[in-house]
> 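Let me give you the structure first, and then I'll get to my questions.
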Amino acid sequence: MDHKKVRVRFAPSPTGGLHLGGVRTVLFNYLFAKQHKGDFVLRIEDTDQTRYVPGAEEYINECLRWCGLNPDESPTVGGPYAPYRQSERKPLYRQYAEQLVKSGHAYYAFDTQEELESMRERLKTPENPSPQYNHVVRAKMRNSFTLSDAAVQELLVKNTPYVIRINMPANEDLTITDMVRGEVTFNTIQVDDKVLLKADGMPTYHLAVVVDDYLMKITHAFRGEEWLPSAPVHILLWKYLGWEAEMPQWAHLPLILKPDGNGKLSKRDGDRLGFPVYAMNWTDARTNEFTKGFRELGFLPEAFINMLAMLGWNDGTEQEIFSMDELIAKFSMDRVHKAGAKFDYEKAKWFNHQYIHRKDNESLAALFQPVLDEKGVTAAPDYVATVTGLVKERCYFVNEIWDHGFFFFQSPVSYDEAAVKPKWNADKDAFFTAWSAQLHELPAFTAAELEANFKALAAEKGIKMGELQLPFRIMLTGGKFGPPVFDIAATLGTAETRARIEKGLAMING
Ligand code: GLU
């Protein structure tokens, strides 16, 4: 195995928006591939056309692009094993299903929908409300086990619709070594005779996933824990098709759990608790149902990725902030936890806050620009960058730059009058009138220069700095908020600062 080039795949079915668990599966695949200088393949598993949702594949592509987890091979970028969309590979699968029929590991089943339903009705018990088509039931149905060869031939000649089902052994233990969970043993008694090829010739997921992992030379198959019950079907198919030596190494990744209680985090939990569960906004084209995403809420992709990496993995230290390069270097499957990881939205916000704080002002300002555009505000890019630098440490989301810095873009429309008026007096009034008049004499107009000059004048007039700074802040911003007041004035510039002092004085004296 060691000499083989590492090839991993993310194999989503295009049935909707990407849950954050799905993106984490992408991430772990990607990190593993990059660490081993291997290939990361995106394969679209669209064999179940009843579940196909228009737009879902484009959404997946866009999501991978946003996260910077671009595949080396995919339906859009192509590659040596194209096509990468299973529906386009349809003619390829039948031969493998037929091969299994020939070797006795699969069989034709001619049962109609009505026959299947009546079987379920007939065999259901309170303990087993929905009986499965398995090694026991098989003997009572219309298939190439129960029918004679001649009868089967006749049905085939008449073009009778049939499916091909796997012949699950009644009681066999199967063991795999999972990279996360260690040795896992299944007994085939738990598994029914899954359909491999449908009546329309389309393979089911079970057949297609094995055939494609084989043909695409996948060395490691990483997927969510919810696929563990299907693993015995897949292991047997690898074996029955004679490919056991080529079987990828499996890793079933732990579930992402609800923040409260137990169980897998679902879209509904997000709606109920008020946080996103999808990577990006998603509108289901069939139902028009809208689901909000991390991206549109103002999460930076770097923060989103870092947060996801820590859901079920750590490097054994207390470190929580990792760049993509560090993740590639440090990621290891044997440090992925077996137990599910509880999702914590406050922690997700904390990651975003950390990344916003660390991001350079210019890039952050560019991300904030759409918010300004929407508000009809025009401002020079370097001005927006300066404002961003002053407020970013208070922001959890990019759009909060506005909440913490709106007064840089518009003069106050209302004032916290109660914070200034009761303590106002003629001396303070005189101080601001005098100070405003001398502002144009400050050549650099930096925060330090403004502060020194303000202090000097306050001393000269015998007024405490503390008595003056709050009124000054309220004149500039309208309230008791914002970054250091001299930084605000320095950013607003001489003319705007003067204008606001005058407007503020009019408000206080009015
Ligand atoms: N098509 C499956 C899905 O939708 C892929 C499971 C696997 O990776 O084997 O998640």
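Just so you know, ligand 1 is whichever comes first in the structure, and atom 1 is the first atom listed for that ligand.
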> Should the pair H234 and Y205 be assigned to parallel (<30°), tilted (30 to 60°) or perpendicular (>60°) ring geometry?
perpendicular
> Run through all N or O atoms in ligand 1 and write down each protein N or O closer than 3.5 Å, as a pair with its distance.
| from | atom 1 | to | atom 2 | distance (Å) |
| --- | --- | --- | --- | --- |
| ligand 1 | 1 (N) | A11 | O | 2.8 |
| ligand 1 | 1 (N) | S13 | OG | 3.2 |
| ligand 1 | 1 (N) | E45 | OE1 | 2.6 |
| ligand 1 | 4 (O) | S13 | N | 3.3 |
| ligand 1 | 4 (O) | S13 | OG | 3.1 |
| ligand 1 | 8 (O) | R9 | NH1 | 2.8 |
| ligand 1 | 8 (O) | R9 | NH2 | 3.4 |
| ligand 1 | 9 (O) | R9 | NH2 | 3.0 |
| ligand 1 | 9 (O) | Y205 | OH | 2.7 |
| ligand 1 | 9 (O) | R223 | NH1 | 2.9 |
| ligand 1 | 10 (O) | W227 | NE1 | 3.4 |

> Should the ring pair W402 and F406 be called parallel, tilted or perpendicular, given that the plane angle runs from 0 to 90° and is split at 30 and 60?
tilted
> With salt bridge (charged side-chain N to carboxylate O under 4.0 Å, His left out) as the rule and sequence neighbours excluded, what pairs involving residues 352-374 come up?
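Qualifying pairs, neighbours excluded: E302-K359.
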> Determine, using ring centers only, whether W66 and F304 are less than 6.0 Å apart.
yes
> Exactly one of R7, R223, R9 should register a salt bridge (Lys or Arg N to Asp or Glu O under 4.0 Å) with D213. Which one does?
R9
> For atom NZ of K198, decide whether the heavy atoms of other residues, nucleotides or ligands shown that lie under 6.0 angstrom number more than 12.
yes
